[in-house]
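This one's a predicted model, so the numbers in the text were calculated from it and none came from an experiment. Counting begins at 1 with the first residue of the sequence.
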Amino acid sequence: MSQTPFSVASEAQPTFADKGYAVLRQFYDAEADVAPIHEGIRVIVEGVCRKYGVVAPTATPHEAMTLAYPQLIATNRTWGGEIYDAVKQIPAFMRLVTNRANDEVFRALRPGSVPGIAAGGYGIRIDNPGEEKFRAHWHQEFPSQLRSLDGIVFWTPLLPLTADMGPVEIAEGSQAEGIVPVYEDDKGVGASGAYALHLDREQERLAKYKVVAPLTTPGDLVLMDFLTLHQGGHNRSRTPRWTIQFRYFNFAEPLGVRIGWRGSFAAGTKFADVLPELAVERGAA
Ligand SMILES: O=C(O)CCC(=O)C(=O)O
Ligand SMILES: [Fe+2]
């Protein structure tokens with residue numbers, strides 16, 4: 001008999017607690033769970049091409065994601081935003097986000113928890129080659145999502161990731177830092193919201209940890225503690241990097257209870273209005 005999601009995640013729990021992340025290979029069924037999302041993306045990209053009169057290959061999801069999408073944004077970058085906002089509303093995507101297996105993973109990794117899905121904390125990233133403005137640089141999830149201190153990021157790719165596509169980079173064991181203060185700086189690239197937050201004494205903290213960048217393929221699931229330092233790798237390939245993220249949190253965790261499970265940027269709130277003690281002046285700490 002195949003293992004349950006709960007038992008798979010229970011086996012990973014000691015590693016997760018120690019390293020602040022875990023990789024569950026082929027946790028989702030690539031055919032049953034992921035292929036319908038691919039098809040949903042294909043149909044949307046095809047429709048946007050038709051709408052704007054762009055002639056590009058969309059016969060397969062792979063063509064739509066890797067050929068038609070770059071062709072669209074090369075013509076007009078805002079059409080990419082239209083697709084980005086649309087794809088997170090594909091029913092098959094929401095079925096993955098709300099999959100019962102996710103609650104089981106959360107309960108196995110956070111014994112005694114009451115799992116919640118972070119509203120606004122789910123989406124599909126499309127990281128284009130060489131595009132720095134929207135890259136997720138080193139951060140902890142907690143300030144940009146809040147909800148509860150012991151939340152978990154679920155991260156799963158829609159295309160097989162190669163090293164040059166910039167797999168997510170994780171500072172192994174860095175959840176041990178606890179909550180790291182942050183300061184705001186747009187770094188001269190017009191970054192806003194979570195993209196403008198920077199870790200206090202970032203390089204000094206990162207120097208203590210080994211950075212890993214697991215290569216994953218559709219169906220694989222990467223789980224990260226809300227306090228683990230991580231960043232999106234640089235996409236140096238010629239292919240847009242399509243990946244899914246969503247977050248679960250714990251209704252029973254005391255800090256979450258204290259802040260009323262409020263969210264952060266994705267919920268239209270600034271973290272500093274909810275937890276002012278997290279913000280520092282640059283270089284002040
Ligand atoms: O892989 C990436 O681009 C980073 C995504 C991220 O920070 C997250 O999933 O929370
Ligand atoms: Fe993140």
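- A single hydrophobic cluster is seen to contain both Val45 and Val54, as judged by linkage of ILVMFWY side chains at heavy-atom distances under 4.5 Å, directly or through other members.
- Leu278 has its side chain out of reach of Pro181: every pair of non-hydrogen atoms, C-beta onward, lies at least 4.5 Å apart.
- Pairing each heavy atom of Pro57 with each of Ala68, the nearest pair is O-CB, 3.4 Å.
- Criterion: ILVMFWY side-chain heavy atoms under 4.5 Å apart, direct or through other members. Under it, Tyr183 and Leu146 are not part of a common hydrophobic cluster.
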Evaluate the criterion side chain to side chain contact (heavy atoms under 4.5 Å, CB included) for residue pair Val87 and Gln89; output intermediate values, then yes/no. CA-CA 5 Å; Val87 292; Gln89 300 171 91; over 6 Å; no
Before giving the answer on side chain to side chain contact (heavy atoms under 4.5 Å, CB included), spell out for Ile37 and Leu158 the whole-Å C-alpha distance, their side-chain angles and the decisive distance to 0.1 Å. CA-CA 9 Å; Ile37 305 174; Leu158 281 165; 4.1 Å; yes
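- In this structure, the side chains of Asp103 and Ile117 stay at 4.5 Å or more apart for every pair of heavy atoms.
- In summary, Asp225 and Arg110 engage in a salt bridge, as defined by a charged side-chain N under 4.0 Å from a carboxylate O.
- Across every non-hydrogen atom of Ser10 and Pro14, the tightest pair is O-CD, 3.6 Å.
- Within the 4.5 Å cutoff, side-chain heavy atoms of Ile90 are placed close to those of Ile41.
- No donor-acceptor pair closer than 3.5 Å links the side chain of Asn128 to the backbone N or O of Glu131.
- In the model, Gln245 has no side-chain atom that pairs as donor or acceptor with a side-chain atom of Tyr122 under 3.5 Å.
- Residues Ala30 and Pro218 come closest through the heavy atom pair CB-O, 4.0 Å.
- Taking each heavy atom of Val168 and Pro214 in turn, the nearest pair found is O-CD, 3.7 Å.
- Closest approach of Ala118 to Gln145, counting heavy atoms only: CB-OE1, 4.2 Å.
- Considering only heavy atoms from C-beta on, Arg258 comes within 4.5 Å of Leu275 through its side chain.
- Atom-to-atom distance recorded for Glu169:CD and Glu172:CD is 13.5 Å, nearest 0.5 angstrom.
- A centroid separation of less than 6.0 Å is found between the aromatic rings of Trp242 and Tyr69.
- One finds no salt bridge joining Arg262 and Asp273 here, because no Lys/Arg side-chain nitrogen approaches an Asp/Glu carboxylate oxygen to under 4.0 Å.
- For the pair Arg42 and Glu46, the salt-bridge criterion is met [side-chain N within less than 4.0 Å of a carboxylate O].
- Donor-acceptor pairing under 3.5 Å is recorded for the side chains of Thr4 and Ser7.
- Considering CG of Leu199 and CG of Leu206, their distance stands at 7.0 Å, rounded to 0.5 Å.
- A 6.0 Å sphere centred on CD of Glu277 holds more than 12 heavy atoms belonging to other residues, nucleotides or ligands.
- You'll find the ring centres of Phe16 and Tyr21 outside the 6.0 Å limit.
- Exactly one residue among Tyr28, Phe27, Phe246 makes a ring-ring contact (aromatic ring centres under 6.0 Å, His included) with Phe154. That residue is Phe246.
- By the 4.0 Å N-to-carboxylate-O rule, Glu132 lies close enough to Arg135 to be salt-bridged with it.
- Using a distance-only test at 3.5 Å, with no hydrogens or angles considered, no donor-acceptor pair links the side chain of Arg50 to the main chain of Val55.
- Two rings, from His198 and His137, have their centers less than 6.0 Å apart.
- To the nearest 0.5 angstrom, Leu223 atom CG is 11.5 Å from Gln13 atom CD.
- Checked by atom type and distance alone, the side chain of Asn235 pairs as donor or acceptor with a backbone atom of Asp127 at under 3.5 Å.
- A salt bridge is defined here as a Lys NZ or Arg NE, NH1 or NH2 lying under 4.0 Å from an Asp or Glu carboxylate O, and Lys208 with Glu177 meets this definition.
- For the pair Arg241 (side chain) and Gly166 (backbone), a donor-acceptor distance under 3.5 Å is present.
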Would Arg205 and Asp200 count as a salt bridge (Lys or Arg N to Asp or Glu O under 4.0 Å) here? Give the steps. CA-CA 9 Å; Arg205 291 176 196 273; Asp200 165 60; 2.6 Å; yes
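- Not one N or O on the side chain of Thr228 forms a donor-acceptor pair closer than 3.5 Å with the backbone of Met224.
- In this structure, Trp261 is not a member of the same hydrophobic cluster as Leu149, with clusters built from ILVMFWY side-chain heavy atoms closer than 4.5 Å.
- Tyr209 is not connected to Val182 by any chain of hydrophobic side-chain contacts under 4.5 Å among Ile, Leu, Val, Met, Phe, Trp and Tyr, and they are in different clusters.
- Separation of atoms CE (Met165) and OG1 (Thr243) is listed at 9.0 Å; rounding is to 0.5 Å.
- Here the side chains of Tyr84 and Ile73 are not in contact, with every heavy-atom distance at 4.5 Å or above.
- A distance-only check finds a donor-acceptor pair linking the side chain of Ser237 to the backbone of Thr239 [under 3.5 Å].
- Counting heavy atoms from C-beta outward, Leu96 and Ile244 have side chains that approach closer than 4.5 Å.
- When each of Phe249, Phe106, Phe251 is tested with Val114 by the rule side chain to side chain contact (heavy atoms under 4.5 Å, CB included), just one qualifies, namely Phe251.
- In the model, Gln140 has no side-chain atom that pairs as donor or acceptor with a side-chain atom of Gln175 under 3.5 Å.
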Could you walk me through whether Val274 and Ser264 pass side chain to side chain contact (heavy atoms under 4.5 Å, CB included), step by step? CA-CA 8 Å; Val274 183; Ser264 186; over 6 Å; no
Please report the C-alpha distance between Tyr248 and Val105 in whole Å, then the side-chain angles of each, then the deciding distance to 0.1 Å, and finally whether the side chain to side chain contact (heavy atoms under 4.5 Å, CB included) criterion is met. CA-CA 10 Å; Tyr248 273 59; Val105 167; over 6 Å; no
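- Of all heavy-atom pairs between Leu109 and Ala9, the closest is CD2-O, 3.5 Å.
- Side-chain contact between Thr58 and Glu63 is absent, with no heavy-atom pair separated by less than 4.5 Å.
- Side-chain polar atoms of Asp150 and Asn250 form a donor-acceptor pair below 3.5 angstrom.
- Within the model, atoms CD1 of Ile152 and CG of Asn102 stand 10.5 Å from one another, a figure rounded to the nearest 0.5 Å.
- Between Phe226 and Phe142, the two ring planes are tilted [angle within 30° to 60°].
- Residues Pro240 and Met65 have side chains not in contact (no heavy-atom distance under 4.5 Å, counting atoms from C-beta outward).
- With hydrophobic clusters built from ILVMFWY side chains whose heavy atoms lie under 4.5 angstrom apart, Phe93 does not share a cluster with Val43.
- For the atom pair CG of Leu229 and CD of Glu141, the computed distance is 11.5 Å after rounding to the nearest 0.5 Å.
- The existence of a salt bridge linking Asp220 and Arg25 is confirmed by a sub-4.0 Å separation between a basic side-chain nitrogen and an acidic carboxylate oxygen.
- Between the side chain of Ser174 and the main chain of Ile170, no donor-acceptor pair closer than 3.5 Å is present.
- Look at Arg147 and Glu253 and you find no salt bridge, because none of the NZ, NE, NH1 or NH2 atoms lies under 4.0 Å from a carboxylate O.
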